[in-house]
Engineer: 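I have a structure here, written as structure tokens, and I will follow up with some questions on it.
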Protein chains: 2
Amino acid sequence: MKKYSDPPSGQQAENKAPKRVTILDVARAARVSAGTVSNALSGKRQVDPETRARIDAAIAALGYVPNRAARALRHGRSNLIAVCSSMPWQVAGGSSRLGFLMEVVAAVAPVALRHGIAVTLLPAEAEAEGFLDRIALDGAIVIEPLREDPFLRALRAQALPVVVIGQPPVPDWVHVDLDYPAVTRLLCDHLYGAGARRFPLLTGQEDRVVHEETIRAYRAFAAERGMVPEVLRLPEAAGEAGSAALMTERLARRDIDAVLVPVDTFASGVMAAARGLGLVVPHDLRIATRYDGLRARQEVPGLTAVDLNLPEAAAHCIRLLLALIAGEGVPPATPVAPPRLIPRGSTR
Amino acid sequence: MKKYSDPPSGQQAENKAPKRVTILDVARAARVSAGTVSNALSGKRQVDPETRARIDAAIAALGYVPNRAARALRHGRSNLIAVCSSMPWQVAGGSSRLGFLMEVVAAVAPVALRHGIAVTLLPAEAEAEGFLDRIALDGAIVIEPLREDPFLRALRAQALPVVVIGQPPVPDWVHVDLDYPAVTRLLCDHLYGAGARRFPLLTGQEDRVVHEETIRAYRAFAAERGMVPEVLRLPEAAGEAGSAALMTERLARRDIDAVLVPVDTFASGVMAAARGLGLVVPHDLRIATRYDGLRARQEVPGLTAVDLNLPEAAAHCIRLLLALIAGEGVPPATPVAPPRLIPRGSTR
DNA sequence: TTGTATGCGTTATCAT
DNA sequence: ATGATAACGCATACAA
């Protein structure tokens, strides 16, 4: 008896062509028709126990394993969805492997798996290399798209079911609303409540819808409170170091008492800049970020952040996507529970 | 002219059955045969410019998009590989979304993408739910398998090309050797060199090959130096909190001057325990971990860790896997560059 | 340069 | 309960 930990036969340079075993081979060996074998496997039709035994024996003897590509063709389902982010891998996966893409994948994957579908990751490069027409997908989730997002364009061209998580460029796209305006408002109010009277917003430079929404909400808050708004933008790829450099310069002017930094990588940079200038957080400078990831939790002091209810959002995404795949109609916008502030040392 | 940011028509509950456009429809519209359309698309044969124009027009008019499942069947390639980890998602993706699975994916995905193949994540649950026979895979990478790994068993049953990253249960599996014994040795030597004379090893409890190798190397080191070896094991799922609890108790005895904690999540727990007891790292207690992730870098002080050369390992994995998929023979073991210590404050 | 025919492996439909 | 047949959509060998 072979143990499963035996080396895989045929992986070495043995020249035996593996010659795939088909359902027809099994059928022949069991002296039945292919259709019967198929039914035995799927259980969609009654099959004589004795016949079944012969089939099982044949399957075991031949080592038959169904061809998934053929099934996918037949069923019109690949059981695979993509999670797309128009951020380059450098940013999305990140040198710290901590991008929002990974976060969303981490939230989406288990839900998807529970529904019998697997998840593949598609960063910006994938679109460029035309991955959407290389692999068989049942649908896709697009994270925080750009205003003119190549993934959305390509997905629509493919007529694939799509759910956007975050802000879609136009509200007609089926999307799960993370309500970034509310999130921004929450953070602004918190900073203000903590005593901050002048704080710039530091965010990404790309033409991402989420940035627009955030900036809009920030400006609205500033107008309301009579605070002078200041929006600093930095290329996403600049990362922690870029943020630290920019903010070291900005903080040197000593005219602000807090910074609102939605992107957590940038927030780390601001922390570094503050340290470099000898500023004590939160005493000399308060910092609040949006995404409550490992960075926010591990910084010293911890970064005040927001619980975006990602698991719930992910569950919605999958539910919606499955409905779309099934051809059912769904409402374009699905709300998640209101964002919840997670106050930490950085604003206390 | 429609802008691509328009809402996707048909996503709403319009009852129009989308009726897939096939290559044959295009052929008819362009008044050519299906084969010609196919060739025009693939460019594998010369096609008259004028015919080509008609075809292109038809494609555009009908919105034809090739069926990937059919191609996969035809070509015998799905352009998809899986990265499998027998760790449950809870641990692999982690509440901190920072498990080694994510790390490896982050390293593997860009390389794979560059070779035209996408990557899907399969945590332990996926095996249980039989995902390996739900999706069409060209091959798989298995991370730090268990001694009796269900993924390896299933993959062999499917006769799928497999590359193990880490320690395979038997050396015949094609694998990329991260050389954990050397890594362990490196850390032990470093701790010893930093003055530590008694340090337990805290690692995971599962029947994972990497743990065995690590423990073996640790014991060898202890024997050599005349240090009393002490191996503490904790269920992987216990996480940071479990580690903190266990080590709070252990550290209270005040008879050790360092801890070797390969699993970075556990290392965070040890740091927390030390803080709780008022122990100053590294003065009262030195800590070294293996995996140099965000945790190691963000802890205060930073955790001494090891550069495992993951990007290089990932590149090897893909290269080997592609070779196996192409039916070429490959050596069972591929080494990566020697591990390099990254000394940080936790052992200084 | 283009058309025709066949097969990839599976499953659904119809017949027995 | 089972068998025969067609079809899923594409790409190739071969013929023209």
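Throughout, a chain's letter reflects where its sequence line sits, starting with A, and its residues are numbered from 1.
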Engineer: Are A:Lys44 and C:dT11 close enough that a side-chain N or O sits under 4.0 Å from OP1 or OP2?
Structural biologist: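 For C:dT11, neither OP1 nor OP2 has a side-chain N or O of A:Lys44 closer than 4.0 Å.
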Engineer: If I take atom CG from residue A:Leu324 and atom CD from residue A:Glu328, how far apart are they, to the nearest 0.5 angstrom?
Structural biologist: 8.5 Å
Engineer: CZ of A:Arg71 to OG of A:Ser42: how many Å apart, nearest 0.5 Å?
Structural biologist: 8.0 Å
Engineer: Rounded to whole Å, please give me the gap between CG in A:Leu24 and P in C:dC8.
Structural biologist: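 Rounded to the whole Å, the gap is 10 Å.
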Engineer: In whole angstroms, how far is the P atom of D:dT2 from the CG atom of A:Leu41?
Structural biologist: 14 Å
Engineer: For D:dG9, take OP1 and OP2 only and decide whether either is under 4.0 Å from a side-chain N or O of B:Thr22.
Structural biologist: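 No.
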Engineer: Please determine whether a side-chain nitrogen or oxygen atom of A:Thr36 lies at a distance below 4.0 Å from atom OP1 or OP2 of D:dG3.
Structural biologist: yes
Engineer: Output the rounded distance in Å from CG (A:Asp133) to C1' (D:dG9).
Structural biologist: 16 Å
Engineer: To the nearest 0.5 Å, what is the distance between OG1 (A:Thr36) and CZ (A:Arg31)?
Structural biologist: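 So the OG1 of A:Thr36 and the CZ of A:Arg31 are separated by 13.0 Å.
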Engineer: Quick check against the 3.5 Å criterion: does B:Arg52 have a side-chain atom that pairs as donor or acceptor with the backbone of B:Val47?
Structural biologist: no
Engineer: If you measure only the distance, is there a donor-acceptor pair under 3.5 Å linking the side chains of A:Arg208 and A:Ser86?
Structural biologist: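 Yes, A:Ser86 and A:Arg208 have a side-chain donor paired with an acceptor closer than 3.5 Å.
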Engineer: Can you list, in residue-number order, the parts of residues 61-75 of chain B that come under 4.0 Å of DNA chain D, counting heavy atoms only?
Structural biologist: B:Tyr64, B:Pro66, B:Asn67, B:Ala70, B:Arg71, B:Arg74, B:His75
Engineer: So what does A:Thr51 hit on the nucleic acid, given a heavy-atom distance under 4.0 Å: a base, only sugar-phosphate, or nothing?
Structural biologist: sugar-phosphate
Engineer: Is any side-chain heavy atom of B:Ile117 closer than 4.5 Å to one of B:Leu322?
Structural biologist: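 Contact flag for B:Leu322/B:Ile117 side chains = yes.
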Engineer: Provide, to the nearest angstrom, the distance between the CG atom belonging to B:Asp48 and the C1' atom belonging to C:dG3.
Structural biologist: 15 Å
Engineer: What's the CZ-P distance between B:Arg28 and D:dG9, to the nearest Å?
Structural biologist: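 Answer to the nearest Å: 11 Å.
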Engineer: Would you indicate whether the side-chain heavy atoms of B:Val83 and B:Leu121 approach each other to under 4.5 Å?
Structural biologist: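 B:Leu121 does not reach B:Val83 side chain to side chain.
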Engineer: Return the value, rounded to whole Å, for the distance between atom CD1 of B:Ile23 and atom P of C:dG7.
Structural biologist: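 Computing the B:Ile23:CD1 to C:dG7:P distance gives 19 Å.
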Engineer: Starting at atom CZ of A:Arg134, determine the distance to atom C1' of D:dC10, rounded to an integer number of angstrom.
Structural biologist: 16 Å
Engineer: Grab the N/O contacts between the protein and nucleotides 13-16 of chain D below 3.5 Å, and write none if there aren't any.
Structural biologist:
{"residue": "D:dC14", "atom": "N4", "partner": "B:Arg45", "partner atom": "NH1", "Å": "3.0"}

Engineer: Checking A:Asp25 side chain against A:Val21 main chain: does a donor-acceptor pair fall under 3.5 Å?
Structural biologist: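 A pair under 3.5 Å: no.
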Engineer: Rounded to whole angstroms, how far apart are CZ on A:Arg77 and C1' on D:dG9?
Structural biologist: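 In whole Å, D:dG9 C1' lies 17 Å from A:Arg77 CZ.
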Engineer: By the 4.0 Å heavy-atom rule, please label A:Arg31 as base, sugar-phosphate, or nothing.
Structural biologist: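 Sugar-phosphate: the residue A:Arg31, judged by heavy atoms under 4.0 Å, touches backbone atoms but no base.
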Engineer: Please confirm whether the backbone N or O of B:Ala109 pairs with a side-chain atom of A:Trp89, one donor and one acceptor, at under 3.5 Å?
Structural biologist: no
